[in-house]
Amino acid sequence: MIDFEKELESFEPIAEIDDIEDEIAKDDLEDVLDILKAISEK
Amino acid sequence: MECLYCGYEFANKDKCPACQTDASLMERIFLVSAFFYNKGLRQAKEHDFYNAEKSLRKSIKFNKRNVDARNLLGLINYNTGKLAEGVKQWIISTNFQDEQNIAFKYIDNFQRNIREFEKLNDSVRMYNHAIKYLKKKNDDVAIIRLKKALDVNPNFIDARNLLALCYIKQNNMNKAYEVIEETLKIDIANPVALRYLKEINIANGIKTKKNKPEENKPVIENISYKNNKKSSTGEKIAFIAIGAIFAAVVMGVLIIPAQINAKTEKYNEINQQYEQLQKTYNDYQSEVQGKISTLEEENKQMKGVVDEYNKTIANTKKTDNIESAKKLYEEGKSVEAAKLIASTDMSGSSEEDLNEYNKLKANVYSGACKELYKQGKSYMDSQDLDNAKNTFNLCITFSDNSPENKYNAYYQLGKIALSQNDNENAKKYFTEVKNNHPNSSIQGYASNYLSTLS
């Protein structure tokens, strides 16, 4: 049986177009190559 | 190929000549990214947007510059209601590739259809409001908002699922089923919709029915990724070489973790070597420090020995000087003996030695003073005034116990100064004689000279 309250928690507000700059700033652009590069630099 | 790190273009090289990045590893990573892009593309074509999104996110996780994957991800997000997320991916994409990038066309499309775009953004606002209303237990208003949102954008998956949830809560399974059925036509394997469908079927006592993907309508026709020439070419190449790519990808998937492990092992190995070196260096430093301390101690001891030796030498020299002086004095060479005694440093001598020295000094000086006065007079008689002056001065030096010779010497120096018209020194010498000479007659002579000078 679905627990409505719990289920509702899984629905999060979606970014509106005014928030786009914040959304871009928040984006983690690190990829595998960056990770490998970081490891190799160590 | 173009190095992802520094952008340097090179070919047939194991490493980027500019930044030394492993080119073969880079190539494998490109292949993995391409593999996930192709998978995402296939899933998107089958309307499996949920899994397509997952694949495309993996693709850009391997290569953030895979603009085809990023553009398609943006398109899926945009089409399923996540408007800002879609635009965001396109903006990032244009930053990675500013030429021949379909993302520019998508963004331009917005700017040309700003009213439609505003409406789509309103649907997001309505969805967000609906969540707030539901949290305040205002289900009816929430349902109205969600319906309005879906009127604007029927492909808005999250709004569909939330509306279905509202109906399930209200136990309106038929409406819930209708919403979900439509949702699964848009996004055939959406796990939330499938879960709700299962719930509805359980509630209705029906076995879960499988969705039929072939009946689904295409939903992203309006802004089609087929227009992306670059994607189409990539797609063709991908299909032709799919077997080879897949093999390479499998290799890549297997090799990359191995490469990471190898690098981690290498890092650990270097770290261990560094620690070993550090330990060796510390040991060496302790050893050197110990040696320095030992040497310092030895040096200190040697210094003591040298000091002791110097002391012995000095004492020996003192003894020798005293013995020599004694001998010279006995031979009648008082002046030489006096000079030797004057040059002997008696500091640090025993009291006994000092007494012996002082006794000898008194005798020697007295004799020397007497002899020097005689010598001075002799020089004066022969009119050798310079030697006479030097000799009388030396006589005064050794005159500790001979006041008469001392002031006689002053008297003679006064006379020499007078003869050389050095009245100032003459006055000085005669004043000494007048004030100190033990013989009053000579004091009187000095006074006479002084009276002529005043």
Side-chain angles (χ1 to χ4, degrees), chain A, chain B residues 4-5 19-22 25-26 29-30 32-33 60-66 81-85 87-89 91-92 95-96 110 117-118 120-121 124-125 127-132 134-135 156 158-159 161-162 165-166 168-169 192 195-196 199 202-203 256 259-260 263-264 266-267 270-271:
Chain A
M1 190 66 189
I2 287 174
D3 178 347
F4 179 79
E5 298 301 331
K6 201 176 161 187
E7 201 66 31
L8 183 60
E9 289 302 314
S10 68
F11 287 88
E12 289 181 355
I14 291 174
E16 293 174 24
I17 210 72
D18 298 337
D19 309 322
I20 202 154
E21 282 183 11
D22 292 339
E23 289 296 307
I24 291 170
K26 273 194 287 182
D27 200 298
D28 174 20
L29 283 176
E30 191 180 55
D31 62 6
V32 169
L33 279 164
D34 293 325
I35 295 165
L36 286 175
K37 195 182 176 193
I39 292 170
S40 65
E41 276 172 1
K42 276 184 186 176
Chain B
L4 278 185
Y5 290 127
C19 70
Q20 302 301 315
T21 306
D22 186 345
L25 186 60
M26 233 184 315
I29 291 168
F30 288 155
V32 175
S33 178
I60 59 171
K61 195 67 195 169
F62 275 90
N63 176 10
K64 63 186 171 191
R65 289 176 172 78
N66 188 337
K82 292 172 189 166
L83 192 65
E85 179 63 25
V87 177
K88 180 184 89 176
Q89 295 301 343
I91 291 172
I92 294 172
N95 277 293
F96 283 134
F110 278 138
F117 171 70
E118 276 297 330
L120 290 170
N121 197 38
V124 174
R125 279 198 199 105
Y127 166 80
N128 290 339
H129 287 160
I131 293 175
K132 284 181 190 169
L134 284 170
K135 285 184 177 168
F156 195 164
D158 286 348
N161 284 336
L162 191 55
L165 181 68
C166 292
I168 291 169
K169 190 194 174 196
V192 180
R195 195 150 42 82
Y196 292 168
E199 190 70 25
I202 290 166
I256 286 163
Q259 288 273 358
I260 293 169
K263 277 183 185 283
T264 309
K266 184 84 184 158
Y267 170 73
I270 289 167
N271 214 25

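In what follows, every chain begins at residue 1, and chains take the letters A, B, ... in the order their sequences are listed. Computed from a prediction, not measured in an experiment: that's the story for all the values here.
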Going by the salt bridge (charged side-chain N to carboxylate O under 4.0 Å, His left out) test, name the single residue among A:Asp22, A:Asp19, A:Asp27 that passes it with B:Lys88.
A:Asp27
Relative to chain A, which of B:Gly81, B:Cys166, B:Ala84 shows the most heavy atom pairs under 4.5 Å?
B:Ala84
Heavy atoms only, distances under 4.5 angstrom: which of A:Glu12, A:Glu21, A:Glu7, A:Glu30 has the most pairs with chain B? Name it, please.
A:Glu7
Just wondering, do A:Phe11 and B:Leu134 contact through their side chains at under 4.5 Å, heavy atoms?
no
Contact class of B:Ile92 relative to chain A, heavy atoms under 4.5 angstrom:
side chain
In Å, rounded to the nearest 0.5 Å, how long is the span from CD of A:Glu5 to NZ of B:Lys169?
6.0 Å
At a 4.5 Å cut-off on heavy atoms, which part of B:Glu118 comes close to chain A: side chain, backbone, both, or neither?
neither
Taking ring-ring contact (aromatic ring centres under 6.0 Å, His included) as the definition, give me every residue that meets it alongside B:Tyr196, ordered by chain and number, with sequence neighbours left out.
none
Chain A: which of B:Leu162, B:Leu83, B:Val192 shares the most heavy-atom pairs with it under 4.5 Å?
B:Leu162
In terms of heavy-atom proximity below 4.5 Å to chain A, should B:Ile60 be classed as side chain, backbone, both, or neither?
backbone
In this structure, CD1 of B:Ile131 is separated from CD1 of A:Ile14 (nearest 0.5 Å) by 7.0 Å
Nearest 0.5 Å please: distance from the CG atom of B:Asn66 over to the CG atom of A:Asp31.
10.5 Å
What part of B:Leu165 gets within 4.5 angstrom of chain A, counting heavy atoms only: side chain, backbone, both, or neither?
both
Pick one of side chain, backbone, both or neither for B:Lys135, based on which atoms fall under 4.5 Å of a heavy atom in chain A.
both
Say you draw a straight line from CD1 of A:Ile17 to CG of B:Leu120; how long is it, rounded to the nearest 0.5 Å?
9.5 Å
At a 4.5 Å cut-off on heavy atoms, which part of B:Ile168 comes close to chain A: side chain, backbone, both, or neither?
side chain
